[in-house]
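Start at 1 and go down the list; that is how both ligands and their atoms are numbered. If you're wondering where the values come from, they're calculated on a predicted model, not measured in any experiment.
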Amino acid sequence: MSAPLQTMADAIRVLSMDAVEQAASGHPGMPMGMADVATVLWSKFLKYDAAAPDWADRDRFVLSAGHGSMLLYSLLHLTGFKAMTLEQIRNFRQWGSNTPGHPEVFHTPGVETTSGPLGQGVATAVGMAMAERHMAARFGEDLVDHRTWVICGDGCLMEGVSHEAISLAGRLKLAKLTLLWDDNNVTIDGPVTLSESGDQIARFKAAGWAVKAIDGHDVGQIRRALAWATKQDRPSLIACKTKIGKGAATMEGHHKTHGSALGKAEIAATREKMGWVAEPFEVPDEVYRPWRAAGRRGRKDRKAWEARLAASSARGEFVRAVKGDLPADAFQRLDQHIAEAVASKPAAATRQHSGSALDALFPAIPEMIGGSADLTGSNNTFVKNTPIFDTPDYAGRYVNYGVREFGMAAAMNGLALHGGVIPYGGAFMVFSDYSRPALRLGALMGLRVIHVMTHDSIGVGEDGPTHQPVEHLASLRAMPNINVFRPADAVETAECWKLALQSTTTPAFMALSRQKVPAVRTEASPENLSARGAYELAAAAGEAKVTIFASGTEVSVAIAARDALQSEGIGTRVVSTPCWELFAAQPAAYRAQVIGKSPVRVAVEAAVGFGWERFIGEDGAFVGMTGFGASAPADRLYKEFGVTAEAVVAAAKAKLAA
Ligand SMILES: Cc1ncc(C[n+]2csc(CCOP(=O)(O)OP(=O)(O)O)c2C)c(N)n1
Ligand SMILES: [Mg+2]
């Protein structure tokens, strides 16, 4: 290895082992092992400008093996990202630092995605590469022309989501995506061969990738491979044969370097072996010099790009889309659609209402990019005549994600992270279990991603309990920073779509029905009532003795129960609860008013009751599911499981009599 590059890579090694030692926690092995590959990438190939971490046309670098965060933090520091000071490296993993245990996007400038849950970074990067191709098709390669580079480990490739991501990327021929696999034959428990006998290279090849294997410590080979990757007409895998903890005096290649500090003696011996004389957290000027030059390498490109943008007729639209601002007239047609629905009172499944809302939104918001995990017709996610996103021109706005719920959700995170697009994707709600790790990461990152989850209860009917969510609403309502919308009819569905698009830092989960429901919002409202999360839909005639709370398809059940109770002179109000999270964010006075003071409170939802105490208190009655569903027509299931107006009336009367 030529002296300067070797020294540059050693700087990563030393910073990483010292930071982990200081924190007495972290992962030195991976940063040390991939230091050579990362050095060549960040000094010769990656297009970026350390002075402008948010430059829209930068290459994206994803550290899917997030436990190797010190690799990324070292790179950011050495190349001169202002926020990544030595002080931050010194405070690795400490409270208030921007050097958390695993990389966190929007927390640390230069970090492109939160990573650490292995495999997901690969799938997220696929979304970024998709967004790049789409934006390039929309705005031209003068404005959008960058690559996505990923470093992943053995663990990432063992995870199932890697399969979904790799096969989708191969099918879509995402040529500007390159995966650098840290092929070190080590995971925590020992050699990879303990649990793996597959052939990764053959696997990638089979999925349509260009593949190459190199010695990940040979600078010449690394250089040639990276140059080769940029010339492929399909995504590329470079298997980088490395030694974990490369450079460590005695522990090189040992799985123990994966996740613990090397210890004082080993670090001293390693410094000695490297000929590294600087103190911990000191980097000699002659090492900074080439690194800082690397950090400035992209500046000229960036300036030229800025000039092109300034001169471009697409500038306004480009800047707006990248900022994430909606077009001025985004909701014009949707508002009209709401007014029409109030008048025409359409009875249909809420998934169909969602399709109608999309018909009004999709043409007005050109950055929306839809898709579905192979259930397009069932999820009502396709707007007629939309071109499909596909090779070779990628201008299409609908993605055939295939049967890949997790891969789709993670790719949507990547699309949103890349910016300039607003992704939504459909699946059966029960399979949110498959996409859940990406829902969680999207919520943690605070991304505007819209999950269109249809078939939201036993209302699925004949497909039976495997396809009927019962615990999903409760479990998703427990997740921070995700809005779980369960609209009741056409008007609420449109309102919820509007809220989903307006929430720039919170993903939306739309729980939509398979079965038809009557309209419940039959009067025009000057405000978006769903924005309150819960609101009084029907007041009591006379004094309110009973309040019935319901969401989605059970709102009409609540209305029928109210009619029955009122006909017997029992004053009853109905509260619709399309989004608990938004309700929780309302002022206390509003919440108290909506919950009201009626002596009896009943909730009805075709799901488990977990969590409903917040509306009905400990003394309330819950009408819903207590276990899994069954296979039968939906009407029969509602009767058999007792999710009916009669059951609500009986529950209310029992409480009144108690
Ligand atoms: C989904 C997931 N499961 C488990 C972990 C815990 N974990 C972190 S690193 C690791 C081993 C990864 O091995 P590899 O990717 O080969 O990394 P290396 O040891 O080579 O650095 C595991 C199991 C995780 N971060 N994410
Ligand atoms: Mg490994």
Ligand 1 atoms in contact with Asn184 (distance to a heavy atom under 4.0 Å): 18 (P), 20 (O)
Ion pair Glu286/Arg289, N-O distance below 4.0 Å: no
Ligand 1-proximal atoms of Asp154, by part, heavy-atom distance under 4.0 Å: both
Residues Ser475 and Arg436: side-chain donor-acceptor under 3.5 angstrom: yes
Val192 and ligand 1 - part of the residue with a heavy-atom distance under 4.0 Å: neither
Sub-4.0 Å heavy-atom approach of Gly29 to ligand 1: no
Close-contact set for ligand 1 against Thr187 heavy atoms, below 4.0 Å: 13 (O), 16 (O), 19 (O)
Test: Asp36 and Arg13 ion pair at under 4.0 Å: yes
Under 2.8 Å: N/O/S of Val192 next to the Mg ion (ligand 2): no
Ion pair check, Asp183 and Lys241, cut-off under 4.0 Å: yes
Side-chain donor-acceptor contact under 3.5 Å, Trp181 with Asp154: yes
NZ/NE/NH1/NH2 to OD/OE distance under 4.0 Å, Arg486 and Asp456: yes
For the Mg ion (ligand 2): the N/O/S atom of Asp154 at shortest distance: OD2
Presence of salt bridge, Arg58 and Glu112, under 4.0 angstrom: yes
Atom 25 (N) of ligand 1 - nearest protein heavy atom and its distance: Gly116 O, 2.8 Å
Within-shell test, Pro117 vs ligand 1, heavy atom, strictly < 4.0 Å: yes
Residue part near ligand 1, for Glu159, under 4.0 Å between non-hydrogen atoms: side chain
Identity and distance of the protein heavy atom lying nearest atom 14 (P) of ligand 1: Gly155 N, 3.5 Å
Under-4.0 Å heavy-atom contact between protein and atom 11 (C) of ligand 1: yes
Protein residue, atom and distance nearest to atom 19 (O) of ligand 1, heavy-atom basis: His258 ND1, 2.5 Å
Sidechain N-carboxylate O distance under 4.0 Å for Asp18, Arg271: yes
Basic-acidic side-chain contact under 4.0 Å: Arg477, Glu581: no
Nearest protein heavy atom with distance in Å, relative to atom 16 (O) of ligand 1: Val186 O, 2.8 Å
Protein contact to atom 22 (C) of ligand 1 [nearest heavy atom, distance to 0.1 Å]: Ile188 CD1, 3.4 Å
Closest protein heavy atom to atom 21 (O) of ligand 1, given as residue, atom name and distance to 0.1 Å: His67 NE2, 2.8 Å
Those atoms of ligand 1 less than 4.0 Å from some heavy atom in Met30: 21 (O)
Distance-only donor-acceptor check, side chains Ser16 and Tyr73, under 3.5 Å: no
